Amino acid sequence: MTDWPEGYGRRVLDEVDSTNAEAARIAAGLAGPEWILALRQTAARGRRGRPWVNPEGNFAATLVMPMSEPPDHAALRSFVAALALYDALEAVIGTRAGLSLKWPNDVLLNGGKLAGILLESAGGPRGWLAIGVGVNLLAAPDAAQVEPGAVPPVSLLVETGVRVTPERFLDALAASFARHETTLATYGFDPLRRLWLDRAARLGEGVTARTLRDSVSGVFETVDASGQLVLKTPKGRVSIAAADIFFE
Ligand SMILES: O=C(O)CCCC[C@@H]1SC[C@@H]2NC(=O)N[C@@H]21
């Protein structure tokens, strides 16, 4: 079994509305980072206010950390979490074949969405960051439930035949997260940026970034030093801080 990382708390709930909502409720009383794992969520949420379909047996957890860093630096945890998920999945599957990362922080398996991450935060003297992680370990939602043109959801069980419990998966994820978090604290974002790019889906290919206001198409050139997506478009380079990415 993977060793639980020193300095990280862990609580396991049978049922909760959303582990991110629970994180917001307990954050002010925490002295250090705490993983919250839920075996059932009744009101799980995804990015951009979308609901997250979370059948029992899938992985649903949030790491909540007291946070005093500027928001842009704190948000780099989205890459820390994506790399940690990639490593934990590689460990349970036994290979990295078929795994890739989709900006900003989805994990793909065989081209389908296997896992998503939702970052939420609060500032102020008792500021915190919540990193919510959902992985389709057993079952994926119906492809009809996702936005047209979005990557279709897949599950670990159907794609690989591998069955892993949420508790065991948390052990692997927490250990990988702690390792990448130490890299961020010691060496900064650049080594993580390189690892992320090495695992990126569709690098050098055409993608469309849809923000709440508009849509930009271009070649996915890189991720810059602050984690923004850089697209090469006919009008020049465009850096994008937040968007949904659609493959062409
Ligand atoms: O839209 C996405 O891709 C992000 C999905 C994040 C889902 C997880 S499940 C655990 C945590 N609790 C929530 O309510 N959401 C996140």
Side-chain angles (χ1 to χ4, degrees), residues 8 10-27 33-65 75 77-86 88-89 99-109 111-122 128-143 145-156 164-167 169-170 172-174 177 196 201 209-212 227 229 242-247:
Y8 287 74
R10 167 191 180 117
R11 47 185 95 179
V12 178
L13 308 174
D14 283 338
E15 182 175 297
V16 74
D17 48 357
S18 148
T19 52
N20 271 39
E22 179 68 5
R25 288 190 286 265
I26 68 166
E34 181 96 6
W35 279 99
I36 306 163
L37 174 73
L39 305 182
R40 276 184 305 281
Q41 290 185 113
T42 54
R45 49 202 197 216
R47 293 176 64 225
R48 296 175 175 257
R50 289 187 281 253
W52 178 256
V53 179
N54 185 221
E56 203 165 334
N58 280 1
F59 181 81
T62 297
L63 173 64
V64 53
M65 315 169 80
R77 298 314 186 296
S78 134
F79 294 92
V80 174
L83 286 167
L85 263 176
Y86 185 102
L89 287 163
L99 285 170
S100 61
L101 298 176
K102 175 173 177 276
W103 187 90
N105 51 29
D106 289 342
V107 182
L108 308 186
L109 178 58
K113 177 162 168 169
L114 177 62
I117 295 172
L118 174 66
L119 251 62
E120 294 179 324
S121 61
W128 50 266
L129 177 73
I131 307 161
V133 179
V135 187
N136 301 328
L137 292 180
L138 281 192
D142 219 334
Q145 285 177 271
V146 302
E147 210 175 322
V151 170
V154 294
S155 77
L156 182 70
V164 59
T165 63
E167 290 92 335
F169 190 74
L170 177 61
L173 180 64
F177 185 95
W196 193 96
R210 282 192 212 151
T211 68
L212 292 176
L229 177 80
D244 280 332
I245 302 304
F246 291 81
F247 296 152

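Atoms within a ligand are numbered from 1 in the order they appear, just like the ligands themselves. Since the structure is predicted, the reported quantities are computational estimates derived from the model, not experimental observations.
Every residue two or more places apart in sequence or in another chain that forms a side-chain contact (heavy atoms from CB on, under 4.5 Å) with Ala88 is listed here: Phe169, Ala172, Leu173, Ser176. Residues meeting the side-chain contact (heavy atoms from CB on, under 4.5 Å) test with Val53, sequence neighbours left out: Pro55, Pro141, Gln145. Taking Glu56 as the reference, Arg40 meet the side-chain hydrogen bond (donor to acceptor under 3.5 Å, both in side chains) condition, with sequence neighbours excluded.
The main-chain N or O of Leu137 is found under 3.5 Å from a side-chain atom of Asn58 such that the two form a donor-acceptor pair.
Within 4.0 Å of ligand 1, protein heavy atoms come from Ser18, Thr19, Asn20, Gln41, Ala44, Arg45, Gly46, Arg47, Trp52, Ala60, Ala61, Thr62, Asp106, Lys113, Gly116, Ile117, Leu118, Gly132, Val133, Gly134.
Taking both residues in full, the closest heavy atoms of Ile131 and Asn20 are given as C-OD1, 4.4 Å, listed atom of the first, atom of the second, then distance.
Here Arg48 does not pair with Glu147 in a salt bridge; the nearest charged N to carboxylate O distance is not below 4.0 Å.
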